[in-house]
Trainee: 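Take a look at the following structure, please.
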Amino acid sequence: MSEDHLAYLNLGSNIQPESNLLKAVELLSAYGEIIQYSQVWESEPVGTTGSNYLNVCIQFKTHFDALELKEQVIHPIEKQLGRERGPNKYTPRSMDIDIILFDNNPIQDKVWDLAFVVVPLADLYPEYRKTKTSESVLEIATRLRREVWLETHRGIID
């Protein structure tokens, strides 16, 4: 029997984000247990123009390891919701799901500079400490909120 893993996933969309976030949460629930979710946060697009993004972080318990989660769950859900991958990583998207932490290990260092990732994560796991600087997620989120516009967006997953 597989062991359970705990992942923190960031879900984001700027194409029909209200419906796509809800659908992604529903689809993910077939592959594990959604323990809790953050507030939904609205932010301006990074690296491009277009509609604002809505992001939410979920705490997710699953039997899949990180690679299986990405390849067998996340990518198919993104595709089912209309995500098209191309050379420009900043294009608008119907759904983007990233693994932020997996069994308390950060997956990518670049996310610690992204308010739309760190602020929702701070809703769920404020005490987590970034190993390189020993800053807590709450400290990073507080700093980023002073630098970047984000606003809570009510009524989607509440």
Trainee: I'd like to know if the side chain of Asn14 reaches the main chain of Ser51, judged simply by a donor and an acceptor atom lying under 3.5 Å from each other, with no hydrogens or angles considered.
Mentor: yes
Trainee: Report the C-alpha separation of Arg129 and Glu139 in whole Å, then their side-chain angles, then the decisive distance to 0.1 Å, and conclude whether the salt bridge (charged side-chain N to carboxylate O under 4.0 Å, His left out) test is met.
Mentor: CA-CA 9 Å; Arg129 295 206 171 268; Glu139 292 167 332; 3.6 Å; yes
Trainee: Taking the hydrophobic residues Ile, Leu, Val, Met, Phe, Trp and Tyr, and joining any pair whose side-chain heavy atoms are under 4.5 Å apart, which ones share a cluster with Leu150?
Mentor: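 Once heavy-atom contacts under 4.5 Å are chained together, Leu150 belongs with Trp41, Val119, Val148.
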Trainee: With a 4.5 Å cut-off on side-chain heavy atoms, are Ile100 and Leu9 touching?
Mentor: no
Trainee: Could you give the distance from CD1 (Ile15) to CG (Leu81), rounded to the nearest 0.5 Å?
Mentor: 11.0 Å
Trainee: Side-chain contact, heavy-atom cut-off 4.5 Å: Tyr37 with Val25?
Mentor: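 Side chain of Tyr37 against side chain of Val25, heavy atoms only: no contact under 4.5 Å found.
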Trainee: Salt bridge or not between Glu135 and Arg143? Use side-chain N to carboxylate O under 4.0 Å.
Mentor: yes
Trainee: So, do Phe116 and Tyr53 have ring centers that fall under 6.0 Å from each other?
Mentor: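 Between Phe116 and Tyr53, the centre distance exceeds or equals 6.0 Å.
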Trainee: Keeping to residues at least two apart or across chains, list the salt bridge (Lys or Arg N to Asp or Glu O under 4.0 Å) pairs with something in residues 31-43.
Mentor: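 Non-adjacent pairs meeting salt bridge (Lys or Arg N to Asp or Glu O under 4.0 Å): Glu33-Lys61.
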Trainee: Answer yes or no: is there a side-chain heavy-atom contact under 4.5 Å between Met95 and Lys79?
Mentor: no
Trainee: Linking I/L/V/M/F/W/Y whenever their side-chain heavy atoms sit closer than 4.5 Å, directly or via other members, would Leu21 and Leu27 fall into one cluster?
Mentor: yes
Trainee: Out of curiosity, Ser13 OG to Leu22 CG, how far, rounded to the nearest 0.5 Å?
Mentor: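 Spacing of OG (Ser13) from CG (Leu22) equals 11.5 Å.
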Trainee: Below 4.5 Å, heavy atoms only, C-beta onward: do Asp4 and Thr62 meet side chain to side chain?
Mentor: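 Not touching, per the 4.5 Å side-chain cut-off.
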Trainee: Look up atom CD in Glu44 and atom CD in Glu151, then write down how far apart they are to the nearest 0.5 Å.
Mentor: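 Interatomic distance, Glu44 CD to Glu151 CD, rounded to 0.5 Å: 10.5 Å.
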Trainee: Shortest non-hydrogen contact from Trp112 to Val137?
Mentor: CZ3-CG2, 3.8 Å
Trainee: Any chain of hydrophobic side-chain contacts (each under 4.5 Å) joining Ile107 to Leu11?
Mentor: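 Cluster IDs for Ile107 and Leu11 match.
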Trainee: Can you tell if the side chain of His75 reaches within under 4.5 Å of the side chain of Lys70, non-hydrogen atoms only?
Mentor: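 Sidechains of Lys70 and His75: in contact.
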Trainee: Taking side chain as C-beta onward, heavy atoms only, is Asn55 less than 4.5 Å from Asn10?
Mentor: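 Yes, side chains in contact.
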Trainee: Check Leu69 against Ala7 and note the closest heavy-atom contact, atom names and distance.
Mentor: CD2-CB, 4.2 Å
Trainee: Before you tell me yes or no, could you show the steps for Asn104 and Tyr8 under side-chain hydrogen bond (donor to acceptor under 3.5 Å, both in side chains), namely the whole-Å CA-CA distance, both residues' side-chain angles and the distance that decides it to 0.1 Å?
Mentor: CA-CA 9 Å; Asn104 270 336; Tyr8 288 83; 5.8 Å; no
Trainee: Test side chain to side chain contact (heavy atoms under 4.5 Å, CB included) on Ile58 and Leu28; report intermediate values, then the result.
Mentor: CA-CA 10 Å; Ile58 65 169; Leu28 280 166; 3.6 Å; yes
Trainee: Taking the six-membered ring where the residue is Trp, are the ring centres of Phe102 and His5 under 6.0 Å apart?
Mentor: yes
Trainee: Strictly distance-based, threshold 3.5 Å: is any side-chain N or O of Asp65 a donor or acceptor partner for the main-chain N or O of Leu67?
Mentor: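 Such a contact is found between Asp65 side chain and Leu67 backbone.
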Trainee: Nearest 0.5 Å, what's the CG-CG distance between Asn20 and Asp96?
Mentor: 12.0 Å
Trainee: Using side chain to side chain contact (heavy atoms under 4.5 Å, CB included), reason through Glu18 and Leu54 one step at a time and then give a plain yes or no.
Mentor: CA-CA 8 Å; Glu18 290 90 353; Leu54 296 182; 4.1 Å; yes
Trainee: Would you check if the side chain of Glu71 reaches a backbone N or O of Glu68 as a donor-acceptor pair within less than 3.5 Å?
Mentor: no
Trainee: Could you tell me whether a side-chain N or O of Gln39 sits under 3.5 Å from a main-chain N or O of Pro120, the two making a donor and an acceptor?
Mentor: no
Trainee: Drop me the distance from Gln72's CD to Tyr31's OH, to the nearest 0.5 angstrom.
Mentor: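 Answer rounded to 0.5 Å: 9.0 Å.
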Trainee: Mind running side chain to side chain contact (heavy atoms under 4.5 Å, CB included) on Ile74 and Ile99 for me, showing each step along the way?
Mentor: CA-CA 9 Å; Ile74 291 172; Ile99 304 170; 3.6 Å; yes
Trainee: Provide the closest heavy-atom pair for Pro126 versus Ser136 in the form atom of the first, atom of the second, distance.
Mentor: O-CB, 3.5 Å
Trainee: Are any of the side-chain heavy atoms of Cys57 and Leu121 separated by less than 4.5 Å?
Mentor: yes
Trainee: Going from CG on Leu6 to CD on Gln59, what distance comes out if it is rounded to the nearest 0.5 angstrom?
Mentor: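 Those atoms lie 4.5 Å apart.
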Trainee: For Trp149 and Asn52, work out which heavy atoms get closest and say how close.
Mentor: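 Trp149 and Asn52 have their closest heavy atoms at CZ3-ND2, 3.8 Å.
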Trainee: Keeping Ser94 on the side-chain end and Arg83 on the backbone end, is there a donor-acceptor pair under 3.5 Å?
Mentor: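 Here the side-chain-to-backbone pair exists.
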Trainee: Could you check if a side-chain atom of Tyr128 sits within less than 4.5 angstrom of a side-chain atom of Leu138, using non-hydrogen atoms only?
Mentor: no
